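Keep in mind that this is a model prediction, so the values were computed, not measured. Numbers restart at 1 for each chain; the letters A, B, ... are given by sequence-line order, proteins then strands.
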Amino acid sequence: MGYVWEFGVVFNQLDLLLAGLLNTLKITGGALLFGIPLGLLAAILRLSTYKWLRVSVGVLIEFFRTTPPIVQLFWFFFALPMLSGIEMDPFRASLVTFSIQSSAFFAEVFRGGIVSIERGQWEAARAIGMSYLESMRRIILPQAVKRMIPAFLERVIELMKTTTLVATVSYADLLYQANNIAQSTYRPLEVFTVAAGLYFIVLFPTSLLVKRIERQLAKTGEGTVH
Amino acid sequence: MEHVWDFQTVFASWSLLSQGLFNTLKLGLLTLITGLFFGFFVGLGRYSRSSWVNFPAGVFVEVFRNTPALVQIMWFYFAFPIISPFDIDTFAAAALGLGLNTTAFCAEIFRGGIQSIHRGQWEAGKALGMTYREQVLRIILPQAVVRMIPAFMNRVVELMKMTSLASVIAFGELMHQAKTISTYHFNPIESYTVAALLFFLVISPFAFLVYHLENRFRK
């Protein structure tokens, strides 16, 4: 096959691709902004001593972890507005979906980290008169956070890869722009290859960072949670 | 807003849904098997001492782990046919994208599992006069596989969720069928709710198994 690669047409439209990448980062950042506090809350509720609370939050987390994110996105984009009358544009629907979806995963990371701290730390905090919230904030979390970092970054990578779904509801992320350019230039091979390359450029350094932190924590004998 | 839930139209299209479910399972199972098979060799390759083997294996794994699965599927559907010597339909494109993606992730699981086995086990195998192949098959793998099971189950969960991405290139799996039903009957609420529940029914047993196994291994 004598196919002549022609990357020129892609680089002429690089600004569109970069605008798409910016939107991808915007969705990822927004989902993190809401997903992290929501995930921490869900983790704490899942560790509650009230059984009904523990179980119902657990079921919710599992539901969002084990259904495909595209189904969730379509549900929030097409079904929820009909049910509630809330107006949804592609950005808002994507933000809601990925905040909730990632919070379910973050909840498990947080829970793993909190559980990994030995019982004695709780008891010591209580012994010096700290309340539950104080011991969580001043004793448990500061130690747990370190162990959570690799799993946490791993989830950020997964989140950014999952945000490609927003292209299916016409939000102008990197994949959406790539698809448009591919259609207007008839150069899908080059365009999709460059788009994949752009994702790789952002995600690969993050992956390397995860490995490096994991190695460092392993050296100091500190466990990590998955 | 008062919505009258009506699942009648969804269940009237049950034949579409069951066909979608079948296609989801078909795609998931095929890519799982190919991913496990090739992932094993790529994983061993990354462990190889020759940089002619471990470097390309490493590049392959990192590329497929660090780009979105949806981009991979769309690449195989829209871009690959231009240089491909054979025809690519929606199923082939989805199977190629997800199969290679799963290969890369399984390779990392195999590598991690093999690495977790103590060096001395290899040396003991060699001391008994075993070849490399015998050491892998009879000493290392039997011990490593047990430790890898939770990670593989996790992969199954992720893979089954990823099969829904094939709906973007109009492969008739469950999500695509739900989309078809919702545009035909104007019932997105019911059809997507049913699709979500069906996915949950298929996938949650595996997720439950992961928890169960991890708890058992911890003891």
Side-chain angles (χ1 to χ4, degrees), chain A residues 1 3 5 24 59 62-86 112 157-158 160-165 167-168 174-175 178-179 182-183 186-193 195-208 226, chain B residues 1-3 5 24 62-63 65-85 150-151 154 157-158 160-165 167-168 174-175 178-179 182 186-193 195-208 211 214:
Chain A
M1 291 280 297
Y3 181 75
W5 292 73
T24 293
V59 169
E62 283 317 310
F63 189 80
F64 278 96
R65 273 165 52 100
T66 52
T67 51
I70 191 172
V71 183
Q72 297 162 13
L73 179 64
F74 274 52
W75 200 91
F76 280 113
F77 189 62
F78 293 111
L80 186 68
M82 289 173 76
L83 269 180
S84 62
I86 301 170
I157 295 173
E158 286 301 315
M160 185 167 155
K161 292 197 289 185
T162 318
T163 60
T164 48
L165 292 175
T168 61
L174 178 51
L175 181 59
N179 203 14
Q183 275 167 19
Y186 302 105
R187 287 281 172 187
L189 188 56
E190 289 84 350
V191 177
F192 281 112
T193 306
L198 284 175
Y199 278 108
F200 185 78
I201 287 172
V202 177
L203 293 172
F204 185 55
T206 321
S207 286
L208 287 181
H226 308 287
Chain B
M1 292 265 300
E2 209 42 58
H3 177 74
W5 291 76
T24 292
E62 293 306 339
V63 165
R65 273 164 54 97
N66 289 301
T67 51
L70 183 56
V71 175
Q72 292 159 14
I73 290 175
M74 287 180 77
W75 194 90
F76 278 107
Y77 189 61
F78 292 114
F80 187 56
I82 294 174
I83 45 170
S84 153
N154 218 12
V157 172
E158 288 301 315
M160 290 313 288
K161 292 197 308 188
M162 278 197 288
T163 58
S164 64
L165 298 177
S167 68
V168 176
L174 187 51
M175 180 61 191
K179 216 192 273 182
S182 90
F186 305 110
N187 58 354
I189 304 180
E190 288 84 356
S191 52
Y192 291 134
T193 305
L197 288 174
L198 283 175
F199 271 113
F200 185 67
L201 277 181
V202 172
I203 299 172
S204 59
F206 294 105
F208 181 74
Y211 272 112
E214 275 178 349

Roughly how far apart are [X] [atom1] and [Y] [atom2], rounded to 0.5 Å?
X: B:Arg65; Y: A:Lys161; atom1: CZ; atom2: NZ; value: 7.0 Å
X: A:Trp75; Y: B:Ser182; atom1: CH2; atom2: OG; value: 13.5 Å
X: A:Tyr3; Y: B:Ser84; atom1: OH; atom2: OG; value: 13.5 Å
X: A:Leu73; Y: B:Tyr192; atom1: CG; atom2: OH; value: 10.0 Å
X: B:Ile83; Y: A:Leu189; atom1: CD1; atom2: CG; value: 5.0 Å

**Message:** Counting heavy-atom pairs under 4.5 Å with chain A, which one of B:Leu174, B:Asn187, B:Val168, B:Thr193 comes out on top?
**Reply:**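 If we count pairs closer than 4.5 Å to chain A, B:Thr193 comes out on top.
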**Message:** Shorter than 4.5 Å, heavy atoms on both sides: which option in B:Ser204, B:Ala207, B:Ser164, B:Ala69 has the most such pairs with chain A?
**Reply:**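 Max contact count across the listed options: B:Ser164.
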**Prompt:** Any chance CZ of B:Phe206 has more than 12 other-residue heavy atoms, nucleotides or ligands included, within less than 6.0 Å?
**Reply:**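 Counting neighbours around CZ of B:Phe206, 12 or fewer heavy atoms of other residues, nucleotides or ligands fall under 6.0 Å, so no.
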Grab the two heavy atoms, one from [X] and one from [Y], that are nearest each other, plus how far apart they are.
X: B:Lys161; Y: A:Pro68; result: O-CB, 3.6 Å
X: A:Phe200; Y: B:Glu62; result: CE1-O, 3.3 Å
X: A:Pro188; Y: B:Ala79; result: O-CB, 3.7 Å

**Message:** Given heavy-atom pairs under 4.5 angstrom as the criterion, report whether the side chain, backbone, both or neither of B:Val63 touches chain A.
**Reply:**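 The answer is both parts of B:Val63.
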**Request:** Please look at B:Glu158 and chain A and tell me whether the side chain, the backbone, both or neither of the residue comes under 4.5 angstrom of a heavy atom of that chain.
**Result:**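 Contact with chain A is through the side chain of B:Glu158 alone.
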By a 4.5 Å heavy-atom criterion (distance strictly below it), what part of [X] contacts chain B: side chain, backbone, both, or neither?
X: A:Glu158; result: side chain
X: A:Arg65; result: both
X: A:Ala196; result: both
X: A:Ile70; result: both
X: A:Thr162; result: neither
X: A:Leu80; result: neither

Side-chain heavy-atom pair [X], [Y] within 4.5 angstrom cut-off:
X: B:Phe199; Y: A:Thr66; value: no
X: A:Thr193; Y: B:Phe80; value: no
X: B:Leu165; Y: A:Thr164; value: no
X: A:Phe204; Y: B:Thr67; value: no
X: B:Leu70; Y: A:Leu165; value: yes
X: A:Val71; Y: B:Met175; value: yes

**Item:** Residues A:Glu62 and B:Tyr211: side-chain donor-acceptor under 3.5 angstrom
**Value:**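 There is such a pair between these side chains.
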**Asked** Parallel, tilted or perpendicular: which fits the ring planes of A:Phe192 and B:Phe78, with parallel below 30° and perpendicular above 60°?
**Response**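 It falls in the parallel class, under 30°.
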